[in-house]
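A short write-up of the structure that comes next.
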Amino acid sequence: MASSLPPRTSYLKKENAGTARREMGLKVAPRRNVLSAINNGEANGGTPSASADGGGGGEAATVVEFSGREDVERLLAEKMKGKNKTDYKGRVEQMSDYIKKLRACIRWYMELEDGYLAEQEKLQGAMDAENIRHSELEAQLSTAIEELKAANLDLTRRCEFLEESLNREKSEKLIAVESYEKEKQERESAENSRDVLTVDLERVTHDAKRFSEQLKMVQDTNKRLQEYNSSLQQYNSNLQADASKSGETISKLQKEKSAMMETMATLRECNNSMSNQLESSRASQQEAIRVKEELRKEVECLRAELKQVRDDRDHSVAQVNNLSIELADCKEQIGKYSKECISMSTKVSALEETCSTQKEQIQTFQKQLTVATEKLKLADVTAIEAMTGYEEQKEKIKYLEERLSHAESQIVEGDELRKKLHNTILELKGNIRVFCRVRPLLRFDGDSNGPEGASISFPTSVESAGRAIDLMNQGQKLSFSYDKVFDHNASQEDVFVEISQLVQSALDGYKVCIFAYGQTGSGKTYTMMGRPGVNQKGLIPRSLEQIFKTSQSLESQGWEYSMQASMLEIYNETIRDLLAPGRSNNFDMTPSKQYTIKHDSHGNTTVSDLTIIDVFGIADVTHLLEKASQSRSVGKTQMNEQSSRSHFVFTLKISGSNETTGQQVQGVLNLIDLAGSERLAKSGSTGDRLKETQSINKSLSALSDVIFAIAKGDDHVPFRNSKLTYLLQPCLGGDSKTLMFVNISPEASSVGETICSLRFASRVNACEIGIPRRQTQARSFDSRLSYG
Ligand code: ADP
Ligand code: MG
């Protein structure tokens, strides 16, 4: 607390101030000039100068200043000078000077006191303020302490709560750890069991797969067996059908077979009953053996028991002996043992009784044993008898089975025979046969009054019914007869029934040709192809249907057939391939390919560049026929706008092989829709049409020449005279079969052409190969047919 005091001018004041400063410990600036002056005066004379002067100049010496307590003490220690007690004046001066110094000192003190007071007051105020501040601080501190205490309490509580929750958490954690351990263990066990289950599952899957494979195999086998079964059934049915057909021999065989079957069935029944009897006698024998075995065992048991009893008895007898000896001894020695003796004897008697009953039992068992042995012997005898019966039956069955297999082989032979007979029948009918078909009158024929029918009649006498046709021409009756005559009511089905045997021959491996001959519009195409209507199918589609059907049914007998179809037309002595890929529907006069006909030594014909198509069903052939009919060359003539001016040849090659019998057949079926046979003058053709007609007539002449030459057995047959005859060469000679359909128009306007056609047919019909078999009644018969 530093404070500066104001400078003191007065002596006293300075003195007081210096004292006060010392008391208070305050640092007071030194005021040495006054004192030094005093000191100097002393040094100069030992007394202040003023006092020395004594008067006027003394004023200067009284100006004294005090700077501290030393100055005051020095003043107080100042002594009066002058040893002369009488010198008063000097003394007064000295005194007044001193008084002055004292006054100054007092004044200094008073000033100093005032300063002190003021300072005290100031300090008091400061202290008060400090006190207030202190109390305020104290209050603040106390509130802070209170707050702190409260906070401390709160914190303690929270700390406790936290500790509690910590403990709880710890316990929970412990539980959780435990449950985690448990879970872990469970999971491990679950994993283990899962592994085991996985292995099981794999095994089961594997098993299931294997089972499904086995199941599939079994199903396959079952299917195959069913197929085999059905084929066997079919084979059986075929056999029966064939057998019924193959005449008396086979029917006799069948009768015999059925009789044998019956005998066999009865024998089988007999055998069955015998077997049953044998079984039952065997069972009874088994039963008897079993009883015998049991009895034997029982007897053994009883024997053992008997032995035991005998041993017991022996033992007892020995005992009795001993006892009787002992008894005798005892009787002799002590009488009181007599009771014991009696009991012993009763025991012995009881044992003897048991022995006797057991002996009886043994006897009865022995009796039973003998009875069982007898029974066993009897059963043995029956079994032997049954066995011999069974052997006899077995032999009988073997014999019957042999006969059955013999009969079956005879049936196979019979089938062969059937084929031969079928062929012989066809041969007897003639290898060249002629059918005549008259179509009905059509509405658009003739002029607007409707068509006028020619007088055609069909004789109904027994020998010529269905085989003859009469025609009235200019009052003259012309009669013709053929292998078959179909009137206008004959349906396509009726016609086909008559030729189906020929189709069968093709399957049997023969070469077959079926021609349709006649003037344009007479119904050749209708007969061969038919109309697309349901029941109007012609010979070609029906033959193919039969071939496919029969070849399929023959599959069960081991036959496998493959078919190849080709279709061509011969137009102006040129071959045109009707199945050539990319062939346009337009009338194509300049075919780019050379179709060369070749025959090999086996009678197989090939035409180079010709399209040959493998067919597997009727659908394939229908498609081909449609294609061919679109490709056919047609030209306009006065007769029929749609008439065909070319020969249409459909060829089906049939190859069959039988793996079981090793047989092989190669059949050919040719179905030929010939071009119109009308004479040139009538159709009124010129130019291209003339050339067409001439070539048609030439090839038809060549066909008839070939047929007649074959029939006559000529060395030279002019096959090469036309493309048609050369193409069909292997199918026209030898054991091949030919059928000629002669189609007739019923209109009166066509009578001339009709007569020509009928005469041509008669000439062909007269070509008998082998035995002459029918009368030919062509009365107005031209030896040569003329065309043009
Ligand atoms: P071609 O081929 O000989 O020139 P078509 O077969 O074209 O003769 O027959 C001429 C017309 O006569 C055709 O409309 C045909 O449908 C019809 N026709 C031919 N034969 C018969 C028949 N038997 N029944 C009904 N219509 C027939
Ligand atoms: Mg035609």
Side-chain angles (χ1 to χ4, degrees), residues 435-446 450-454 456 458 466 469 484-499 514-542 567-571 576 578 587 625-626 628-650 671-679 682-683 685 689 692-693 696-697 699-700 703 724 740-750 752-754 756-758 760-761 787:
F435 288 2
C436 176
R437 185 178 193 186
V438 183
R439 77 153 158 77
L441 269 175
L442 301 173
R443 250 175 260 152
F444 55 82
D445 283 334
E452 189 194 335
I456 296 173
F458 304 94
I469 179 169
K484 186 85 197 166
V485 174
F486 298 102
D487 63 15
H488 45 78
N489 289 319
S491 68
Q492 300 279 60
E493 172 71 26
D494 298 337
V495 175
F496 178 70
V497 166
E498 290 298 318
I499 68 133
I514 300 175
F515 294 95
Y517 178 96
Q519 72 176 112
T520 298
S522 59
K524 300 185 295 296
T525 308
Y526 179 86
T527 301
M528 282 306 198
M529 301 286 269
R531 276 210 220 104
V534 189
N535 280 324
Q536 311 244 336
K537 279 183 281 181
L539 297 185
I540 296 179
R542 282 174 199 267
M567 284 183 225
L568 58 85
E569 65 178 352
I570 301 172
Y571 177 79
R576 304 155 62 97
L578 294 176
F587 198 72
L625 289 172
E626 273 168 20
S629 68
Q630 280 173 8
S631 303
R632 276 199 79 178
S633 304
V634 289
K636 287 185 181 179
T637 70
Q638 286 173 1
M639 295 298 297
N640 185 339
E641 292 206 357
Q642 292 284 304
S643 72
S644 165
R645 312 301 301 149
S646 61
H647 307 301
F648 166 76
V649 182
F650 172 89
L671 298 160
I672 302 128
D673 183 0
L674 293 168
S677 63
E678 57 272 14
R679 285 160 300 174
K682 191 172 181 186
S683 65
S685 303
R689 291 289 165 267
E692 269 179 10
T693 313
I696 291 164
N697 290 340
S699 63
L700 289 175
L703 180 63
L724 181 69
M740 183 74 74
F741 265 96
V742 176
N743 290 92
I744 302 294
S745 299
E747 295 84 35
S749 55
S750 299
E753 288 300 331
T754 301
C756 281
S757 295
L758 290 173
F760 170 77
Y787 297 96

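The figures here come from the full heavy-atom set of this structure, side chains too, leaving out hydrogens, waters and symmetry mates. Just so you know, these numbers come straight off a predicted model, no measurement behind them. Remember, it's 1-based here, ligands and their atoms both numbered in the order they're listed.
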Compare every heavy atom of N743 with every heavy atom of A516, then report the nearest pair and how far apart it is.
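Closest approach of A516 to N743: CB-OD1, 4.0 Å.
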
Work out which heavy atom in P746 is nearest to a heavy atom in V438; give both atom names and the distance.
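Scanning both residues, the minimum pair turns out to be CB-CG1, 4.2 Å.
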
Of all the atoms in ligand 1, which lie at a distance below 4.0 Å from a heavy atom belonging to T520?
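Checking each atom against T520, I get 4 (O).
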
Atoms in ligand 1 with a heavy atom of Q519 nearer than 4.0 Å:
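By the 4.0 Å cutoff, the relevant atoms are 3 (O).
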
Decide whether the shortest distance between a heavy atom of [X] and an atom of ligand 1 is less than 4.0 Å.
X: L442; answer: yes
X: P440; answer: yes
X: G518; answer: no

Check V649, I540, L625 against M567 for a side-chain contact (heavy atoms from CB on, under 4.5 Å) and give me the one that passes.
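Of all the options given, the one that passes is L625.
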
Residues in ring-ring contact (aromatic ring centres under 6.0 Å, His included) with F486, at least two apart?
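ring-ring contact (aromatic ring centres under 6.0 Å, His included) list for F486, sorted by chain: F435.
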
Any nitrogen or oxygen of [X] lying under 3.5 Å from a nitrogen or oxygen in ligand 1? Just yes or no.
X: Y526; answer: yes
X: K524; answer: yes
X: R531; answer: yes

Please determine whether T520 has a backbone or side-chain N, O or S atom lying under 2.8 Å from the Mg ion (ligand 2).
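Under 2.8 Å: T520 has no N, O or S contact with the Mg ion (ligand 2).
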
Name the one of R437, Q536, R531 that satisfies side chain to side chain donor-acceptor pair (under 3.5 Å) with Y526?
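It is Q536, the one option of R437, Q536, R531 that forms the side chain to side chain donor-acceptor pair (under 3.5 Å) with Y526.
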
Who pairs with S745 by side chain to side chain donor-acceptor pair (under 3.5 Å), at least two apart in sequence or on another chain?
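Per chain and number, S745 pairs via side chain to side chain donor-acceptor pair (under 3.5 Å) with no residue.
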
Indicate yes or no for a side-chain donor-acceptor contact from H647 to the backbone of A675 under 3.5 Å, with no hydrogens or angles considered.
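Yes.
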
Answer side chain, backbone, both or neither: which part of R437 comes under 4.0 Å from ligand 1, heavy atoms only.
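Looking at R437 and ligand 1, just side chain atoms fall under 4.0 Å.
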
